[in-house]
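The next block holds one structure in the form of structure tokens; read it before the comments.
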Protein chains: 2
Amino acid sequence: MLTIGETAEVLGISAHTLRYYEKERIVLPLRDAGGDRRYDESHISWLKFVIKLKETQMPIAAIQKYASLVREGEHTAEARVKLLAEHKRSIRAQLETLTAADEMLERKIAGYRTLIGSSR
Amino acid sequence: MLTIGETAEVLGISAHTLRYYEKERIVLPLRDAGGDRRYDESHISWLKFVIKLKETQMPIAAIQKYASLVREGEHTAEARVKLLAEHKRSIRAQLETLTAADEMLERKIAGYRTLIGSSR
DNA sequence: ATATTGATTAGAGTTTACTCTAAGTCAAGT
DNA sequence: ACTTGACTTAGAGTAAACTCTAATCAATAT
């Protein structure tokens with residue numbers, strides 16, 4: 001059971017952000033006797049998942065939606081898959097955009113290098 | 001020579017955004033006799049390039065930096081390559097993140113589908 | 001005993017990248 | 001002559017996602 005500081009450390013995000021995620025109902029940690037937040041293994045792995053979604057440009061609003069489906073229980077499985085499948089399509093689109101840009105930069109950089117090389 | 005509206009149309013961005021890019025010195029269009037902005041082929045292809053950088057998460061500040069190097073002339077070629085090469089590394093990192101997330105979602109969705117399938 | 005450390009809260013402030021508003025000019029069409 | 005539509009400006013407003021502040025409290029360290 002980790003404190004907010006330890007959790008922030010482990011995940012590489014700030015305690016501020018963790019409180020913000022709680023305010024947005026993305027993660028609901030436990031509380032200890034003193035009223036301090038406590039994050040267990042399930043919170044940590046959930047947050048790691050959230051961070052993966054974030055890293056792949058899922059907006060907070062969509063993560064909130066997914067989190068609320070998870071809280072609602074088993075019967076939302078279908079809706080969850082729909083949401084994740086749609087995000088997966090967005091990831092595929094991003095992959096294509098990035099691959100195209102990578103190739104474009106490859107060519108552009110090669111062109112510049114020829115230019116620089118020939119001027120020395 | 002396109003007007004701001006035509007340019008916006010062609011590029012799929014708003015005229016507002018084009019004025020914003022000008023304010024930020026990312027693109028400096030010509031002006032016609034009436035004082036209206038005019039974009040020629042070189043502006044259009046530059047903006048297409050800028051949009052590619054944007055789509056791959058290059059911040060406006062970095063695009064500004066690159067644009068200023070381009071305006072400074074030939075002798076900044078080395079600095080430009082450095083900037084582009086660094087962005088290329090960022091694209092590679094994004095590709096890895098996205099690929100990992102794609103696989104993770106593939107597994108997660110497969111798991112959910114088994115769950116839903118077995119409950120019907 | 002006091003000082004530091006790390007936590008708490010509500011709410012304000014920041015950054016990025018637009019996005020829009022208001023007030024106005026100008027050319028073309030009816 | 002009038003309306004329409006596209007353009008002009010400076011500057012205000014917005015949305016997303018944090019990020020920080022101030023005041024406070026509780027447990028440890030010296």
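Atom set for the values below is all heavy atoms of this structure, side chains included, hydrogens, waters and symmetry mates excluded.
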When you measure from the side chain of B/Tyr21, which nucleotide among D/dT19, C/dT8, C/dC18 comes out closest?
-> C/dC18

Atom pair distance, as rounded to whole Å: CE in B/Met1 and C1' in D/dA6 = 17 Å

d(CD1, A/Ile63; P, D/dA16) in whole Å = 13 Å

Please tell me which of the listed nucleotides, C/dT8, C/dC18, C/dT19, lies nearest to the side chain of A/Ile4?
-> C/dT8

Considering only heavy side-chain atoms of B/Asp36, the closest of D/dT8, D/dC18, D/dT21 is D/dT8

Whole-Å distance, A/Tyr39 OH to C/dA7 P, equals 10 Å

Pairwise 5' ranking along DNA chain D for A/Gly34 and A/Lys23, keeping only the more 5' one | A/Lys23

Considering only heavy side-chain atoms of B/Arg37, the closest of D/dT8, D/dA17, C/dA17 is D/dT8

Have a look at B/Thr3 and say if it touches a base, only the backbone sugar-phosphate, or nothing, with a 4.0 Å heavy-atom cut-off.
-> sugar-phosphate

Return the 5'-most residue of the pair A/Ala15, B/Tyr20 with respect to DNA chain C, ranking by each residue's nearest nucleotide.
-> A/Ala15

Separation of B/Asp32 atom CG from C/dT25 atom C1', in whole Å?
-> 13 Å

B/Glu22 has an atom CD; how far is it from atom C1' of D/dG11, in whole Å?
-> 16 Å

Is the backbone N or O of B/Ile4 less than 3.5 Å from a side-chain atom of B/Glu6, with the two atoms forming a donor-acceptor pair by type?
-> no

Measure the distance from CD on B/Glu24 to C1' on C/dT19 and round it to the nearest whole Å.
-> 14 Å

Can you tell me how far P of C/dT16 sits from NE2 of B/His16, to the nearest Å?
-> 22 Å

Between C/dA17 atom P and B/Ile51 atom CD1, what is the distance in whole Å?
-> 15 Å

Would you check if there is a donor-acceptor pair between the side chains of A/Ser90 and A/Gln94 at a distance under 3.5 Å?
-> yes

Can you check whether B/Leu18's main-chain N or O pairs, donor with acceptor, with B/Arg37's side chain at less than 3.5 Å?
-> no

Using 30° and 60° as the class limits, which term best fits the ring planes of A/Tyr39 and A/His43: parallel, tilted or perpendicular?
-> perpendicular

Comparing A/Pro59 with B/Gly5, nearest DNA chain D nucleotide closer to 5' gives the residue B/Gly5

Side-chain contact check for A/Arg31: nearest option of C/dA7, C/dT9, D/dA17 is C/dT9

Out of C/dA17, C/dT8, C/dC18, which has the shortest distance to the side chain of A/Arg19?
-> C/dT8

Looking only at side-chain atoms of B/Ile60, point me to the closest of C/dA17, D/dT8, D/dC18.
-> C/dA17

Taking the six-membered ring for Trp, are B/Tyr66 and A/Tyr112 parallel (under 30°), tilted (30 to 60°) or perpendicular (over 60°)?
-> perpendicular

